[in-house]
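Throughout, a chain's letter reflects where its sequence line sits, starting with A, and its residues are numbered from 1. Just so we're clear, the structure is a prediction, and the values are computed from it rather than from any experiment.
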Amino acid sequence: MKNDRELVDACRRGDEGAFQELIDRYKDLVFALIARTVQDRSRAEDLAQDVFLRIHRGLPYFRGEARLSTWIYRIVANVCVHDQARPPAPASLDDARTPRDASSVSDRRFGDLELRDRLEKAIARLPANYRLLIAAHYLRGVQYEELAEALQLPMGTVKTQLHRAKQQLRRLLETELR
Amino acid sequence: MFCDEALDAVEAIAAGELTPEGRIAAHLATCPNCAAALASARRLDEMLQARPVQKAPPQFTSRTMAVVRRRRWRSEQFLDLSFNLALGLVALAVVAGVWVFIHRSGLVSVSNDAVNVLSASFVSLAHRVAPSVPLYAGATALVATALGVWWWAERDATL
């Protein structure tokens, strides 16, 4: 199994199998990140595909100063922010289809599902950069340092923005979290 | 005023990045609002950690590779087209240059004779080739059909 550096070199030489290996290695990470910022699964797949097309186009210019994963995070961030510059679909926390009075629901699992649904809707109402930070930070293995490098922000700024994102989320979910 | 200070630290405490000490710990123990904020921040942190991790669809790699190949094929086609166009332009420029040279150098009369000789040769060649024309036309049509089918299949390939 090739390491990232060998994989990139092979891709640059036009080795199609190497690029396929690169997709296999990073597809779950890329998809998970995007699926956490975009509600629609098919849209998430389109965006994830767009990320890999950008990687394919950009590989000849990748100088290897950053880690491959960091470079990929940066591309994911650009794709997500660019996509979310479009007007967002209106998302209300009080969807008419969901019961409003959680206390009347005896099944606790259903209550949890409802709470999770409201959490997703609340996240959808956050600004694009906050959404991406929340998605990436709570995905296993993504550290502050890597996030800061990918987003080209100081680590302190990443921490501050993440705390603000969570404050905003708490305000949106105030009644549910009590 | 002190509530603001404590509330600013709530997210970091909930995430386990900061341990409440001294004044903040004392305040959190006595202020119900700040204690509630910390509890809800912890609950939110748990919920965020419990968010499901979605995996890429099973055919994702093959679909992406198909798009990559299609794009590469299109860009190669564009390059081929540009190259052929450039060749055509160069040939046109050469023909125009020769034509201008012949007209300006007084070689028109000589070239007229040459044209007559060439056209006579062409007519004679045409007479010889005429019986085989249907065969050549059939072969050309077959090759063109095969190329057309190949182009169509490449263009619409999705997997």
Between chain B and each of A:Glu45, A:Arg57, A:His56, count heavy-atom pairs under 4.5 Å; write down the option with the most.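 Of the options given, most contacts go to A:Glu45.
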Out of curiosity, A:Leu169 CG to B:Glu11 CD, how far, rounded to the nearest 0.5 Å?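 Spacing of CG (A:Leu169) from CD (B:Glu11) equals 9.0 Å.
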Straight-line distance of A:Leu22 CG to B:Thr61 OG1, nearest 0.5 Å: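 Output value for this atom pair is 10.5 Å.
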Are [Y] and [X] connected into the same hydrophobic cluster when the rule is that any two of I, L, V, M, F, W, Y join if their side-chain heavy atoms are below 4.5 Å apart?
X	Y	result
B:Tyr136	B:Val143	no
B:Trp73	B:Trp152	yes
B:Leu118	B:Val98	no
B:Val133	B:Leu125	yes

Given a strict heavy-atom distance threshold of 4.5 Å, which part of A:Arg41 is in contact with chain B: side chain, backbone, both, or neither?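 Contact with chain B involves the side chain of A:Arg41 alone.
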Partner chain A: residue of B:Met65, B:Arg51, B:Glu17, B:Arg71 with the largest heavy-atom pair count (under 4.5 Å):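 Answer, by heavy-atom pair count under 4.5 Å with chain A: B:Arg51.
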Would you say the side-chain atoms of A:Arg36 and B:Gln54 include a donor-acceptor pair closer than 3.5 Å?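 A:Arg36 vs B:Gln54: no donor-acceptor pair found between side chains.
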Evaluate side chain to side chain contact (heavy atoms under 4.5 Å, CB included) for A:Gln20 paired with B:Thr64, printing each intermediate quantity in order. CA-CA 9 Å; A:Gln20 199 162 331; B:Thr64 306; over 6 Å; no
Compare every heavy atom of A:Tyr138 with every heavy atom of B:Gln49, then report the nearest pair and how far apart it is.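 Taking B:Gln49 first and A:Tyr138 second, the nearest heavy atoms are CG-CD2, 3.5 Å.
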Exercise: identify the closest heavy-atom pair between B:Pro57 and A:Phe31: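 Taking B:Pro57 first and A:Phe31 second, the nearest heavy atoms are CD-CE1, 3.8 Å.
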Side-chain (A:Asp28) to main-chain (B:Lys55) donor-acceptor, under 3.5 angstrom: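 The answer is no, because no donor-acceptor pair under 3.5 Å joins these two groups.
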Do [X] and [Y] have side-chain heavy atoms sitting under 4.5 Å apart?
X	Y	answer
B:Arg72	A:Glu16	yes
A:Lys166	B:Asp45	yes
B:Met47	A:Arg116	no

Non-hydrogen atoms of chain A under 4.5 Å away: do they reach the side chain of B:Arg42, the backbone, both or neither?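 B:Arg42 has no heavy atom closer than 4.5 Å to chain A.
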With a 4.5 angstrom heavy-atom cut-off, could you sort out which part of B:Ala12 is near chain A: side chain, backbone, both or neither?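 The answer is both parts of B:Ala12.
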I'd like to know whether CH2 of B:Trp99 has more than 12 heavy-atom contacts from other residues, nucleotides or ligands below 6.0 angstrom.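 No.
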Checking side chain to side chain contact (heavy atoms under 4.5 Å, CB included) between A:Gln167 and each of B:Leu44, B:Asp8, B:Leu7, which is the one that passes?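 The residue from B:Leu44, B:Asp8, B:Leu7 that satisfies side chain to side chain contact (heavy atoms under 4.5 Å, CB included) with A:Gln167 turns out to be B:Asp8.
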